[in-house]
Amino acid sequence: MCTIAAFSAHERRFMANDNFIMLPTVDFCFNNLMQNSKVRRGFIAALLKVSPNEIEDTCILPTLLSRDTPDDKLGILDVRVLLKDRTQMNLEMQVKYFEYWDERILFYLCKMFDSQLKKGDSYDNLQKCIHVSILDFNHFPGDNSCYRSFHFRDDRTGSLYTDKMEIHILELKKLPAGIHTEENIIAWVKFFNGKDRKEFERMAKTNEYLDEAYHTLVNLSADEQKRLEYEAREKALKDYNTQISSAEKRGIQIGQHVGEQRARQVFKLHIRGKSFDEIAEYCDLTVEKVKEILE
């Protein structure tokens, strides 16, 4: 059981003075959280649906992927992990909505797969690569499933074509309130979606790997330098969201203004006796749209 006595004197002093705790949805916090080998092992075991004891060893790889030519797009992964069986994993926390997320996933997954071979190497050297997206936005709006995995399969039979590439996507905002389940991966979704210290502390009591993750969050939050870096990143994310929101509002206002101008031009041309076809061509509209405006 996790109690306050389990923390160091420094941690207890910090907790008494400040209830602040970093949130894993900020990528700076998530990346630091995954530096803990026990936390990494517990999360990866939940993803792969195996016992953490079967994840014998993991190590953090360089996150910069090589380029074949100077013109190639640079690939930078968030957390790149190598398992003992040489499987590589890219673990990524994404807060901001990304228009081409599917294409981005495939780019990084293929770059990771390709980077295993050097000139003259045999294809036998290629090992499994797995991309894991943890998203704080809804990527699949058509259902309420908060976790799914993807593999290469035969369209007709559903049989697995190859296990060399795999994608896992977790959507934090789809987690139902008050959900109770023994499924380990859902427990991690709940943890990553946590909002305050008490919530993290409750989840820490459920298993030793979440307990380790909670202690890691507390230690990170107590580190003054880490906290400054975290708050800088959190501010950057908030500024970005504010800029996007402002841009969307300006876009709507500009669109409305342009729409009004175009409508006035349609009426002017109509009064002058121009045909629907002439108005449509002049205003860059369809004939149907011209008729709709005039009606």
Could you verify whether a donor N or O on one side chain and an acceptor N or O on the other, from T216 and N36, lie under 3.5 Å apart? yes
Would E224 and R227 pass as an ion pair if we require N to O under 4.0 Å? no
Separation between CZ (F276) and CD (E288), nearest 0.5 Å, reads 10.5 Å
With rounding to the nearest 0.5 Å, note down the distance linking CG in L135 to SG in C146. 11.5 Å
With distance as the sole test, does D154 use its side chain to make a donor-acceptor pair with the main-chain N or O of T157 at under 3.5 Å? yes
Any donor and acceptor pair, going by atom type alone, linking the side chain of Q35 with main-chain N or O of N32 inside 3.5 Å? no
Take atom NZ in K164; do more than 12 heavy atoms of anything else shown fall under 6.0 Å from it? yes
Charged N-O contact under 4.0 Å between D211 and K205: no
Is the centre of the Y230 ring less than 6.0 Å from the centre of the F20 ring? yes
Parallel under 30°, tilted from 30 to 60°, perpendicular over 60°: which one fits the rings of W101 and H131? perpendicular
Could you check whether F43 and F191 have their ring centres less than 6.0 Å apart? no
Can you tell me if CZ on F140 sees more than 12 non-hydrogen neighbours from other groups inside 6.0 Å? yes
Report the distance from atom OG of S149 to atom CD of E166, rounding to the nearest 0.5 Å. 6.5 Å
Any heavy-atom pair between the side chains of L82 and T58 that's under 4.5 Å? no
Is the shortest heavy-atom distance from the side chain of I167 to the side chain of L106 under 4.5 Å? yes
Does a donor on one side chain sit under 3.5 Å from an acceptor on the other, for D102 and H139? yes
With sequence neighbours left out, what residues match K235 under salt bridge (Lys or Arg N to Asp or Glu O under 4.0 Å)? D239
Under the 3.5 angstrom rule, does the side chain of K174 hit a backbone N or O of D143 as a donor-acceptor pair? yes
Closest approach of L160 to H151 (non-hydrogen atoms, all atoms of both residues): CD1-CB, 3.6 Å
Of all heavy-atom pairs between C29 and L220, which one has the smallest distance, and what is that distance? O-CD1, 4.3 Å
Determine the interplanar angle of the F200 and Y214 rings, folded into 0 to 90°, and report it as parallel if under 30°, tilted if 30 to 60°, perpendicular if over 60°. parallel
Could you check whether any side-chain N or O of E231 sits under 3.5 Å from a backbone N or O of L228, counting only pairs where one atom can act as donor and the other as acceptor? no
Any side-chain heavy atom of D136 within less than 4.5 Å of one from Q94? no
Rounded to the nearest 0.5 Å, how far does CG of L83 lie from CD of Q127? 11.0 Å
With the side chain counted from C-beta on, respond yes when L33 and L217 share a heavy-atom pair under 4.5 Å apart, and no when they do not. yes
Can you give me the closest heavy-atom contact between E92 and N90, atom names plus distance? OE1-ND2, 3.8 Å
Can you tell me how far apart OH (Y123) and CG (L117) are? Round to the nearest 0.5 Å. 7.5 Å
Answer yes or no: is there a side-chain heavy-atom contact under 4.5 Å between L47 and V132? yes
Side-chain heavy atoms of V287 within contact of D277, under 4.5 Å: yes
Determine, step by step, whether D27 and V95 satisfy the side chain to side chain contact (heavy atoms under 4.5 Å, CB included) criterion, reporting the C-alpha distance in whole Å, the side-chain angles of both residues, the deciding distance to 0.1 Å, and the verdict. CA-CA 8 Å; D27 49 14; V95 179; 5.9 Å; no
Note, N193 side chain near E171 side chain (heavy atom, < 4.5 Å): no
Please say whether more than 12 non-hydrogen atoms of neighbouring residues, nucleotides or ligands are located less than 6.0 Å from OH in Y161. no
So do S115 and R80 actually touch side chain to side chain, heavy atoms under 4.5 Å? yes
Could you tell me which non-hydrogen atom of R86 sits nearest to which non-hydrogen atom of N125, and how far apart they are? NH2-O, 3.4 Å
Sorted by chain and number, sequence neighbours left out, salt bridge (Lys or Arg N to Asp or Glu O under 4.0 Å) with E229 holds for none
Tell me, yes or no, whether the heavy-atom count around F150 atom CZ, taken from other residues, nucleotides or ligands under 6.0 Å, exceeds 12. yes
Report the C-alpha separation of M203 and K190 in whole Å, then their side-chain angles, then the decisive distance to 0.1 Å, and conclude whether the side chain to side chain contact (heavy atoms under 4.5 Å, CB included) test is met. CA-CA 8 Å; M203 288 185 280; K190 289 178 67 176; 3.8 Å; yes
Would you find more than 12 non-hydrogen atoms of other residues, nucleotides or ligands less than 6.0 Å from D85 atom CG? yes
Would you say K38 has more than 12 foreign heavy atoms packed within less than 6.0 Å of its NZ? yes
Separation between NZ of K111 and CG of L109, rounded to the nearest 0.5 Å: 12.5 Å
For V189 and L172: C-alpha separation, side-chain torsions, deciding distance, then whether side chain to side chain contact (heavy atoms under 4.5 Å, CB included) applies. CA-CA 6 Å; V189 173; L172 303 184; 3.8 Å; yes
Do F113 and L61 share a hydrophobic cluster (ILVMFWY, side-chain heavy atoms under 4.5 Å, transitive)? no
Between W188 and G42, what is the shortest heavy-atom contact and its length? NE1-O, 3.5 Å
Could you list the residues that satisfy salt bridge (Lys or Arg N to Asp or Glu O under 4.0 Å) with E199, not counting sequence neighbours? none
With the threshold set at 4.0 Å, does a side-chain nitrogen-carboxylate oxygen contact exist between R202 and D196? no
Should the pair R104 and F98 be classed as cation-pi, given the thresholds of under 6.0 Å to the six-membered ring centre and 45° from the axis? yes
Can you name the closest pair of heavy atoms from R197 and I21 and give their distance? N-CG2, 3.8 Å
Test side chain to side chain contact (heavy atoms under 4.5 Å, CB included) on V39 and Y209; report intermediate values, then the result. CA-CA 6 Å; V39 174; Y209 298 96; over 6 Å; no
